[in-house]
**Q** 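I'd like to ask you about the structure that follows.
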Amino acid sequence: MKPKIWLSSPHMGGEEFSFVKEAFDTNWIAPLGPHVNGFEHDLEAFTGSKYAAALSSGTAALHLGLILLGVGPGDEVICQSFTFSATANPIVYLGATPVFVDSESQTWNMCPELLELAIKDRIAKGKKPKAIMPVHLYGMPAKMEQIIKIAQRYNIPVLEDAAEALGSTINGKKAGTFGAMGVLSFNGNKIITTSGGGALISDQEKFILQARYLATQARDKAPHYQHSQIGYNYRLSNVSAGIGRGQMQVLTDRIKQRRSIFEFYLKNLAGLPGIDFLREPEGHFSNRWLTAITIDPDKADNITRETLRLLLEEENIESRPLWKPMHLQPVFKNHPSYINGISEKLFNNGLCLPSGSNLTQESLERVIRIITSAYKKKSAFA
Ligand SMILES: *Cc1c(COP(=O)(O)O)cnc(C)c1O
């Protein structure tokens with residue numbers, strides 16, 4: 001068996017273990033402690049957001065974000081259809097209904113025109129959406145300036161899913177800082193990891209104070225356990241936060257490494273017929289969490305993304321189709337959706353290539369070799 005090449009695997013920088021050791025040495029083995037506070041400060045400094053709450057996952061952060069925007073049973077929330085299910089699930093946890101909006105082709109994220117159409121239609125149907133959830137997929141920031149303008153016009157708050165986009169920017173402003181709140185994830189496959197974790201960020205202190213309160217079982221100030229609200233156990237552990245503090249020291253390098261992997265694939269594959277890459281629109285800077293290509297079978301001699309995925313799999317190389325849109329998921333297929341066909345086409349033709357910052361040059365060359373061999377095989381039969 002050839003050595004495994006992963007899509008995106010954890011990449012420690014070196015200092016993580018000394019932070020974790022410090023947690024052990026001082027017996028701060030709890031879902032609070034100095035590393036949690038330190039990690040929140042690191043996130044605030046890096047993102048430029050005034051406040052951050054370190055939480056147990058990105059999904060937990062999305063759930064709390066929706067609660068803080070007052071989403072409850074019977075409400076509707078507009079959600080990007082082209083995303084991971086974790087964006088949409090918390091809407092349903094709250095008894096609300098996701099209303100899905102399709103993507104545009106420049107960023108692959110929420111289409112502003114379709115968003116406005118959806119808002120108008122929901123209002124005409126008698127229900128104004130309670131929140132808007134754009135996503136910055138694969139690190140590419142959505143068209144936030146336009147989305148925020150529309151959100152303001154209708155006075156609907158924005159909860160940004162920046163789980164894949166830590167360090168991405170639009171005109172220098174960090175993804176996750178455009179809306180009322182932003183969500184980050186530190187799952188094992190993300191650009192940095194705490195082994196599992198997430199954060200809610202905001203410029204509004206009340207949101208973050210409330211998030212920390214809800215995340216620690218909503219305890220009122222009293223010597224006994226007293227509760228006036230339903231709480232959650234969503235705080236990040238001090239041990240995990242120690243990993244996060246070490247990872248923050250190398251985040252800028254990780255972004256550089258992921259971007260240079262994108263450039264390498266671009267240089268070596270962009271000439272192949274039918275293969276295309278997502279470019280950065282003017283002002284947009286992507287952390288290039290994952291490099292994704294699209295393969296147009298009509299131009300690629302009938303090579304499809306599945307041809308390439310299976311060839312890579314035979315060589316013990318992990319690649320993955322792009323996210324299957326929520327409006328096509330069995331669990332969500334009956335929800336209202338505003339669709340233009342773009343995300344479905346991306347799902348049919350798109351493939352994420354191994355993009356971990358710890359990939360060796362040799363591994364990247366192996367990936368290139370397999371993909372180019374698909375074309376050679378084809379021309380041998382031609
Ligand atoms: C990873 C991810 C999440 C969820 O984050 P977890 O920390 O795994 O809960 C949410 N949205 C998107 C787009 C993601 O990629």
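Both counts, for ligands and for their atoms, begin at 1 and track the order of listing.
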**Q** Which is it for Asn189 and ligand 1 at heavy atoms under 4.0 Å: side chain, backbone, both or neither?
**A** neither

**Q** Between Trp289 and Ser355, does the side-chain contact (heavy atoms from CB on, under 4.5 Å) criterion hold? Intermediate values first, please.
**A** CA-CA 7 Å; Trp289 171 55; Ser355 304; over 6 Å; no

**Q** Which of the numbered atoms in ligand 1 are below 4.0 angstrom from a heavy atom of Ala86?
**A** 3 (C), 4 (C), 10 (C)

**Q** Can you name the atoms of ligand 1, numbered from 1 with element, that are less than 4.0 Å from a heavy atom of Phe84?
**A** 2 (C), 3 (C), 14 (C)

**Q** Tell me whether the NZ or CZ atom of Arg288 lies within the 45° cone about the ring axis of Phe262 and under 6.0 Å from its centre.
**A** yes

**Q** Compute whether any side-chain donor of one residue and acceptor of the other, for Gln106 and Lys143, lie under 3.5 angstrom apart.
**A** yes

**Q** Applying a 4.0 Å heavy-atom criterion (strictly less than), which segment of Thr59 is in contact with ligand 1: side chain, backbone, both, or neither?
**A** both

**Q** At what distance is the nearest protein heavy atom to atom 2 (C) of ligand 1, and which residue and atom is it?
**A** Lys190 NZ, 2.9 Å

**Q** Hey, does Leu62 come in under 3.5 Å of ligand 1, counting only N/O atoms on both sides?
**A** no

**Q** Show the atoms of ligand 1 that are less than 4.0 angstrom away from any heavy atom in Ser57.
**A** 7 (O), 9 (O)

**Q** Any side-chain donor paired with an acceptor under 3.5 Å for Ser57 and Asn187?
**A** no

**Q** Starting from atom 5 (O) of ligand 1, find the nearest protein heavy-atom neighbour and note its residue, name and distance.
**A** Ser185 OG, 3.2 Å

**Q** Under a 3.5 Å cutoff, is there a donor and acceptor pairing between the side chains of Ser343 and Asp102?
**A** yes

**Q** Which residue owns the protein heavy atom closest to atom 11 (N) of ligand 1, what's the atom, and how far is it?
**A** Asp161 OD2, 2.7 Å

**Q** For the residue pair Lys128 and Tyr154, would you count it as a cation-pi contact if the rule is NZ or CZ under 6.0 angstrom from the ring centre and within 45 degrees of the ring axis?
**A** no

**Q** Which atoms of ligand 1 sit under 4.0 Å from any heavy atom of Thr83?
**A** 13 (C)

**Q** Can you find a non-hydrogen atom of Ala61 under 4.0 Å from ligand 1?
**A** no

**Q** Can you find a side-chain donor-acceptor pair between Arg122 and Tyr338 that sits under 3.5 Å?
**A** yes

**Q** Using a 4.0 Å heavy-atom threshold (strictly under), name the region of Val135 that reaches ligand 1: side chain, backbone, both or neither.
**A** side chain

**Q** Going by the atom numbers of ligand 1, which of them fall below 4.0 Å from some non-hydrogen atom of Thr87?
**A** 11 (N)

**Q** Of the backbone atoms (N, CA, C, O) and the side-chain heavy atoms from C-beta on, which set of Ala163 has a member under 4.0 Å from an atom of ligand 1: side chain, backbone, both, or neither?
**A** side chain

**Q** What is the closest protein heavy atom to atom 8 (O) of ligand 1, and at what distance does it sit?
**A** Asn187 ND2, 2.9 Å

**Q** Under a plain distance cut-off of 3.5 Å, with no hydrogens placed, do Gln257 and Ser260 share a side-chain donor-acceptor pair?
**A** no

**Q** If you have a sec, work out which protein heavy atom is nearest atom 15 (O) of ligand 1 and how many Å separate them, to one decimal?
**A** Glu164 OE2, 2.5 Å

**Q** Looking at Leu137 and Asn109, what are the two nearest heavy atoms and their distance?
**A** N-OD1, 3.1 Å

**Q** Would you say the side-chain atoms of His136 and Glu164 include a donor-acceptor pair closer than 3.5 Å?
**A** no

**Q** For Gly197, counting its heavy atoms only, list the atoms of ligand 1 lying under 4.0 Å from any of them.
**A** 7 (O)

**Q** With a 3.5 Å cut-off and no angle check, do the side chains of His11 and Arg254 form a donor-acceptor pair?
**A** yes

